[in-house]
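Notes follow the structure.
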Amino acid sequence: MVVIKFRGLLFVVLVSLFTLPAVYSQELLSNLQATGAADFVSTVYTSQEDERAFDLNVRSAEFMVSGSIDHYFDGLINFAGHTEEGEFELVLHEGYVSSSKLIPYSRFRVGKFFLGVGRLNQFHQHDWPFTDAPQAHNTFFAEEGVTDSGLEYTFLFPTTHFFELTAGVTRNYCYGHCHADVAKPPRPLFYLHPVTFFEFSSQTGLQLGLSYLNRKDDAGIQTHLAGLDMTFKHRQGKRLVWLLQAEAYYQDQGSDSVDNIRQVGGYCLTQYGLSPSWLLGLRLDAFSELSMKFQTTNQKRDDLDYAIVPIVTWKPSEFSTLRLSYTLDVDTTKGDKDTVDQLVQLQFNFILGAHSAHDF
Amino acid sequence: MHILKNLLSFLSLTLFVACGGGHNPDQDLVDGVPRSQSVGDEKFVTVDSSDQLEFGDGTLSGVGTVRFASDLESVASNYHYKLIFSLEEGTELTLHSHANADLANGLDIRFKRVGASLQVFGTASGVTDDWTSFFKDINATQAMAIGIDVHNDEPITHFIFWDNLSGAELLDSAKDVAGGPGKGYGQNWGLSLLNAFVNKVEKGEPRGGH
């Protein structure tokens, strides 16, 4: 991650782009799309007594500029800041050049970006249909998502049925949320993400994807991550009647000198739109460490963490969201008493400016 | 309605799915260790020869390695350790975290007294980081109280240290240095003593949130 040292100067430059006189801003911004977004989260109730506090927090704020560089290339720059232990840190989230005009049936991007695997990993936090990420996402990716610097290529097969294949290779010095690079890895990270889409009508579609990611870190620990993602949407006009979104992953990590750690987890969200503005959702999470053992007998130890998350969302417009969610988190491990935690959160986020639509 | 019915069925299934309870042989180990074999409230078993270890009054001293009977919940977990210990000139104390039953393949935090200074090293996967410069305000000639967060469930395992005598945060390896030397791959923790004296050791929930 690149920590921008001259934050004040950067902020002034970015604000100036919005406040320049109309004639100058028209010339400067004619090819640019600028967007700002902020995400606020507050804990309304938690069952963990020592964490009870009034903690309304700017979880993240980001500023993004994108547009055409020339006839062939497009560019995107995204700065995002997050509050960590009371300190707000601004970093470069994404910065890349892309093109869909150079190679037939292809698009590519070069730079720093969210890895093109899975479903949730490709969306910014403020675009999620829920407040906090499921445990599987936190474990296999990161709290918001995995970004890295590299090259990603997508090929759209010239068939009547939609099918595309994405392949990426990235630096692999840092996977997930890091404050600095670590030692040089033995090789880059690579991933594959084939995706297909079924269009049942102009208002109803189903997207299915598979993901595979492989990396080896400087300690020789190799990670295999495989998963699938599914997204189903059914609309009636402006109302998103049904959203079904699910992901499931299996991860195997290990080396010649350490026992492999095997984990599996995922989530399933079902969301019903009462109206274009009011949405009711229910998310079910599950996660298990398959390789957990009793230390004294080396016998397998059953482990299952699951969560039930009902969600109520009010979207006055596409630019603002108010969301209330309740999380019932249950940790069950053989030989131990179940641990149950409860959390109620209130979230508000907004977008300023035009936000590029996601493909689906 | 069809989708809702399926969802309710799945919900009911998860409510009844539970791996908790049942026999825990690891707890049998803890229960079987005599109370005299403990540091503070933490019972331990010896990993190698215990001839040169002295214990019995809730403290631990001498030369040897012990593994604590209560293990860590999982490899991908975070804990806060509190250590109260004393070192003579040239002696050492090492905290092992997220290691296997032999206390290998884990995270080793080594404290060594040189004069009035405390040298501190973190080792994992054969890589050692020297964190001594962050402990220059510690007076190693007197008893020390150090709090240590080990965050092993993040992509880069990192450590946070506090001087519990002054309350000052000494080091957050995620921010002050390049994260840490590596990850731990086990569920055990323990201590290795080289003529060190340990008054107390505790393990609990992480103190730092991230």
Side-chain angles (χ1 to χ4, degrees), chain A residues 48 50-51 84-85 87 138-139 142-143 146 174-183 217-221 242 244 253-255 257-259 261 263 268 270 272 282 284 286 288-289 291-299 301-304 306-308 330-339, chain B residues 3-4 6-8 10-11 13-15 17-30 32 45 67 69 71-76 100-101 104-106 124-127 153-156 158 160 172-188 205 208-210:
Chain A
Q48 299 189 36
D50 55 349
E51 292 189 8
E84 290 182 23
E85 296 189 85
E87 287 187 27
N138 283 329
T139 302
E143 199 172 320
V146 175
C174 165
Y175 184 84
H177 182 70
C178 312
H179 292 266
D181 278 353
V182 291
D217 66 18
D218 60 291
I221 305 298
W242 287 108
L244 302 179
Q253 280 185 316
S255 73
S257 56
V258 297
D259 291 337
I261 300 170
Q263 299 163 308
C268 178
T270 302
Y272 177 72
L282 178 66
L284 303 174
S288 177
E289 187 171 322
S291 51
M292 190 178 285
K293 294 178 181 176
F294 287 109
Q295 297 301 291
T296 48
T297 62
N298 217 33
Q299 286 178 326
R301 189 173 187 181
D302 292 334
D303 169 69
L304 175 66
Y306 65 90
I308 302 169
V330 184
D331 183 341
T332 76
T333 306
K334 187 175 181 181
D336 286 344
K337 193 177 166 188
D338 292 353
T339 305
Chain B
I3 294 174
L4 192 59
N6 284 339
L7 279 171
L8 284 172
F10 178 65
L11 179 62
L13 182 64
T14 56
L15 285 173
V17 169
C19 303
H23 177 236
N24 186 341
D26 292 346
Q27 187 60 43
D28 290 347
L29 171 67
V30 177
V45 295
R67 185 184 80 243
D71 62 12
L72 308 178
E73 181 185 298
S74 66
V75 175
N100 62 20
N105 289 324
S125 303
V127 176
D153 75 341
E154 300 175 18
I156 297 177
H158 73 105
I160 311 175
D172 181 343
S173 69
K175 296 177 184 174
D176 300 323
V177 293
K183 296 188 73 66
Y185 294 94
Q187 289 176 234
N188 297 279
E205 292 297 307
H210 175 73

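Reckoned from all heavy atoms, side chains included, excluding hydrogens, waters and symmetry mates. Numbers restart at 1 for each chain; the letters A, B, ... are given by sequence-line order, proteins then strands.
- Each of B:Val127, B:Asn188, B:Leu29 has some count of heavy-atom pairs under 4.5 Å with chain A, and the biggest count is that of B:Asn188.
- In terms of heavy-atom proximity, B:Gln187 sits nearest to A:Glu289 at OE1-OE2, 4.5 Å.
- Interface remark: A:Asp217 contributes side-chain atoms only to the contact with chain B (heavy atom separation under 4.5 Å).
- Shortest non-hydrogen contact noted between B:Pro25 and A:Thr297 is CB-CG2, 3.7 Å.
- The greatest number of non-hydrogen atom pairs below 4.5 Å with chain A, out of B:Gly182, B:Ala101, B:Ala104, B:Ser74, is found for B:Ser74.
- At a 4.5 Å heavy-atom cutoff, the contact between B:Asp26 and chain A is made by backbone and side-chain atoms alike.
- Within the model, atoms CG of A:Asp218 and OG of B:Ser125 stand 7.5 Å from one another, a figure rounded to the nearest 0.5 Å.
- Note on B:Glu205, B:Lys183, B:His23: by heavy-atom pairs under 4.5 Å with chain A, the leading option is B:His23.
- With respect to chain B, the highest number of heavy-atom pairs below 4.5 Å among A:Lys337, A:Gln295, A:Met292, A:Gln299 belongs to A:Gln295.
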Candidate pair B:Asn24 and A:Arg301, rule side chain to side chain contact (heavy atoms under 4.5 Å, CB included), full reasoning: CA-CA 9 Å; B:Asn24 186 341; A:Arg301 189 173 187 181; 3.2 Å; yes
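- Using a 4.5 Å cut-off between heavy atoms, A:Asp259 does not touch chain B at all.
- Here the CD-OG1 distance, from B:Glu73 to A:Thr333, works out to 5.5 Å after rounding to the nearest 0.5 Å.
- Both the backbone and the side chain of A:Asp336 come within less than 4.5 Å of a heavy atom in chain B.
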